[in-house]
Amino acid sequence: AAPLLDEATHYVRNHVQAVSSGAPVSFDVLSEFGYPSLRELGRLTSRLALSEGLAIAEDERRFMDKPRNAFFELIPRALGRSGRMPDRPQAKFAVLVRRLADAGRDDLLASFDATLARLASEGTAILPFETGPLAGPAPFEAVGFIWPGARFSGLTKLAIPGGEVTVVR
């Protein structure tokens with residue numbers, strides 16, 4: 001599989017250890033694949049459809065619940081302030097936000113940004129994203145990876161107006 005990932009800039013498997021708050025999740029891993037461009041991602045997708053991708057497909061059938069997989073694009077969001085990645089991060093959390101039916105996407109993302117900016121002001125390192133349309137509908141509108149800082153106030157009561165928030169570690 002490694003030669004097929006040559007185009008990837010990074011690959012990280014985030015194993016879900018616990019749901020800190022919010023709704024239970026139906027997955028046990030959040031995998032991150034980074035690519036320098038959509039062109040490189042397209043090249044990988046083309047290669048996976050060829051015979052060299054058959055071994056990966058067979059391997060995935062053995063260890064993945066393929067019908068429950070969700071692939072979606074994450075688009076970086078810029079915030080006015082962001083925390084600095086700690087030298088030795090102790091914990092990484094993922095803040096997953098589903099949009100409530102009566103909420104507007106722009107309002108939800110503005111609330112998401114404001115909440116993560118508050119966490120950054122507490123010395124927390126953050127990487128905020130919104131989901132994009134590349135791979136079809138995503139199960140979340142926004143995803144934030146965070147590494148708590150020294151003045152971190154916690155995530156158990158994290159609320160984002162217009163969204164249902166789940167925090168996993």
Side-chain angles (χ1 to χ4, degrees), residues 5 7-38 40-41 64-65 67-169:
L5 297 176
E7 290 86 4
T9 57
H10 77 278
Y11 168 66
V12 178
R13 290 178 56 94
N14 300 290
H15 294 271
V16 176
Q17 297 170 11
V19 175
S20 299
S21 67
V25 294
S26 61
F27 54 86
D28 59 357
V29 173
L30 285 169
S31 296
E32 301 172 44
F33 295 87
Y35 296 92
S37 69
L38 291 177
E40 296 298 324
L41 179 59
M64 289 180 148
D65 187 355
R68 291 178 43 191
N69 283 0
F71 295 93
F72 50 94
E73 173 186 24
L74 292 179
I75 301 167
R77 294 188 62 77
L79 298 179
R81 295 180 59 177
S82 65
R84 183 170 127 350
M85 173 72 177
D87 293 330
R88 293 196 175 128
Q90 298 299 311
K92 179 180 183 181
F93 292 86
V95 176
L96 312 169
V97 185
R98 284 187 179 90
R99 181 166 45 119
L100 298 176
D102 60 345
R105 179 176 168 85
D106 291 341
D107 290 339
L108 173 70
L109 292 173
S111 296
F112 174 73
D113 290 347
T115 300
L116 292 187
R118 179 184 56 78
L119 291 174
S121 73
E122 296 175 357
T124 297
I126 59 172
L127 287 175
F129 300 92
E130 66 182 277
T131 56
L134 181 66
F140 308 103
E141 292 291 326
V143 175
F145 292 109
I146 64 170
W147 295 264
R151 299 185 329 255
F152 182 63
S153 63
L155 294 170
T156 56
K157 300 285 187 196
L158 189 65
I160 296 176
E164 175 186 62
V165 178
T166 300
V167 179
V168 297
R169 176 174 186 225

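Throughout, residue positions are numbered sequentially from 1 according to the sequence presented.
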Side chain to side chain contact (heavy atoms under 4.5 Å, CB included) between H15 and V29, worked out: CA-CA 4 Å; H15 294 271; V29 173; 3.5 Å; yes
Aromatic plane relationship, F33 with Y11 - under 30° parallel, 30 to 60° tilted, over 60° perpendicular: tilted
Exercise: identify the closest heavy-atom pair between F72 and A138: CB-CB, 3.5 Å
Minimum heavy-atom distance between R99 and G104, given as atom pair plus value: CD-C, 3.9 Å
Donor-acceptor contact below 3.5 Å, side chain T166 vs main chain L96: no
Any residue meeting side chain to side chain donor-acceptor pair (under 3.5 Å) with E164, in chain and number order, not counting sequence neighbours: none
With D28 via side chain to side chain donor-acceptor pair (under 3.5 Å) - residues at least two apart: none
Residue pair A91 / P148: nearest heavy atoms and the distance that separates them: O-CD, 3.4 Å
P128 to L116 - nearest heavy-atom pair and separation: CB-CD1, 3.6 Å
Step-by-step side chain to side chain contact (heavy atoms under 4.5 Å, CB included) determination, F145 to F129: CA-CA 8 Å; F145 292 109; F129 300 92; 3.9 Å; yes
Check: L30 main-chain N/O paired with N14 side-chain donor or acceptor under 3.5 Å: yes
Closest contact, heavy atoms only, A120 versus I126: CB-CD1, 3.9 Å
Under the side-chain contact (heavy atoms from CB on, under 4.5 Å) test, residues paired with P24 that sit two or more places apart: none
Between CD on residue E40 and OH on residue Y35, distance to nearest 0.5 Å: 10.0 Å
Euclidean distance, T124 OG1 relative to R118 CZ, rounded to 0.5 Å: 9.0 Å
Pairwise side-chain contact, L74 with E130, heavy-atom cut-off 4.5 Å (strictly under): no
Lys/Arg N to Asp/Glu carboxylate O, K92 vs E32, below 4.0 Å: yes
Candidate pair L108 and V97, rule side chain to side chain contact (heavy atoms under 4.5 Å, CB included), full reasoning: CA-CA 9 Å; L108 173 70; V97 185; 3.8 Å; yes
Close side-chain approach of L158 to T115, heavy-atom, < 4.5 Å: yes
Residue pair G144 / F112: nearest heavy atoms and the distance that separates them: N-CZ, 3.8 Å
